[in-house]
Amino acid sequence: MSEKVKEVAKEEFEQAKVLASDAVRSGAYLYPLKGIAYFFSHRALWRPLASKLIPTLSLGLGVTISMFILTYVPQAAVLTLVNGPLAIVTTVLLVLSEASTIFSVLSKNFLIDEALIDTFDGTLLARNQSALVSRERQMKPSGGDYMARLGKITRGPFEKWSPKAIIRYFLYLPLNMVPIVGTVMFVVLQGRKTGPTAHARYFQLKRMDKRQKEQFIERRKAAYTSFGVPAVLLELIPIAGIFFSFTNTVGAALWAADIEEKSATGETTAPGLRSQAEAVSRKEL
């Protein structure tokens with residue numbers, strides 16, 4: 001039995017190592033940072049954020065303050081039993097995560113949904129992907145900048161949050177009771193879901209069905225997780241998280257543009273690593 005356990009543990013370690021290597025080779029973890037730099041250097045992309053800034057900041061401030069007033073003390077009392085002195089830090093992270101989730105659900109569904117779509121599409125236009133954007137929205141005659149060319153969206157916005165995603169989030173919350181490691185696992189699990197969500201507009205523009213999306217994500221699951229983790233951490237920052245929602249959207253669009261360019265030239269991402277992952281999977285079977 002002990003030998004079998006060692007064998008399974010070794011296979012799991014090898015698979016994790018391959019996926020980690022794949023994530024590093026993909027460079028996807030850099031796109032949230034690239035999004036910040038690109039956003040600052042392209043003033044036209046500021047317009048969607050500026051149009052929603054005051055109401056969204058007010059919502060974010062209200063949600064964050066309310067969560068700390070109502071939930072910090074009782075949650076700190078519970079976490080102190082298992083985390084000891086570290087409960088101060090883990091409770092702050094937990095409350096910020098909860099506030100961030102509530103804020104994201106409210107803002108992305110009721111305040112900034114269309115603004116984020118405009119930001120994503122505008123970034124694609126800035127990267128010369130007008131043919132892709134024109135699949136799902138009308139384009140105005142050129143004459144202004146890329147944001148001025150964005151016309152009416154021809155299909156309803158995609159779903160930002162599903163009931164399953166919210167239920168899954170609260171199922172992950174108890175991980176924060178495990179000092180340090182549990183919080184890290186929580187962020188990674190959130191990042192694993194945030195990565196594909198960041199490309200929801202890209203999937204819509206590509207007109208992928210459910211099966212195509214699942215296959216596309218599966219081939220890039222390590223890359224999506226490596227994008228999602230820093231994106232989650234940035235959006236956890238109180239109040240400033242709204243700004244990072246837009247820069248993460250820019251980063252996701254930059255990544256989509258790079259995928260399109262590589263696809264046009266016939267390039268693939270880390271084929272050697274993909275073969276290693278498939279080999280490990282066959283061993284498990």
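- Going from atom OH of Y224 over to atom CZ of R219 covers 9.5 Å, rounded to the nearest 0.5 Å.
- Atom CD1 of I217 sits about 8.0 Å away from atom OG1 of T197, to the nearest 0.5 Å.
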Self-check item: Derivation and outcome, salt bridge (charged side-chain N to carboxylate O under 4.0 Å, His left out), residues D145 and R47
Solution: CA-CA 12 Å; D145 57 44; R47 282 180 226 151; 2.2 Å; yes
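- Between P230 and Y29, the shortest heavy-atom distance links the atoms CG-O, 3.8 Å.
- Tested against T225 for a side-chain contact (heavy atoms from CB on, under 4.5 Å), the candidates Q190, R220, R192 yield a single pass: R192.
- Here the shortest heavy-atom pairing between P48 and A115 reads CB-O, 3.4 Å.
- A pairwise comparison of heavy atoms in F120 and A198 identifies CE1-O, 3.9 Å as the closest pair.
- A distance of 9.0 Å separates CD of E214 from CG of D209, quoted to the nearest 0.5 Å.
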Quiz item: Passes salt bridge (charged side-chain N to carboxylate O under 4.0 Å, His left out), E218 versus K221? Steps please.
Solution: CA-CA 5 Å; E218 179 63 24; K221 60 182 179 181; 3.2 Å; yes
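- With values rounded to the nearest 0.5 angstrom, E261 atom CD is found 6.0 Å from Q129 atom CD.
- Note: the hydrophobic cluster containing I54 does not contain F103 (ILVMFWY, side chain heavy atoms under 4.5 Å, direct or indirect links).
- Side-chain contact check for L45 versus Y38: some heavy-atom pair is nearer than 4.5 Å.
- Taking the ring axis of Y31 as reference, the NZ or CZ atom of K34 stays within 45° of it and closer than 6.0 Å to the ring centre.
- For the atom pair CG of L233 and OG1 of T194, the computed distance is 10.0 Å after rounding to the nearest 0.5 Å.
- In this structure, R149 and V133 have side chains that are not in contact, with every pair of non-hydrogen atoms separated by 4.5 Å or more.
- Note: F203 and F216 meet the aromatic proximity criterion, with ring centroids under 6.0 Å apart.
- Going from atom CD of E136 over to atom OG of S134 covers 9.5 Å, rounded to the nearest 0.5 Å.
- No path of Ile, Leu, Val, Met, Phe, Trp and Tyr side chains, each step under 4.5 Å between heavy atoms, connects V95 with L81, placing them in separate hydrophobic clusters.
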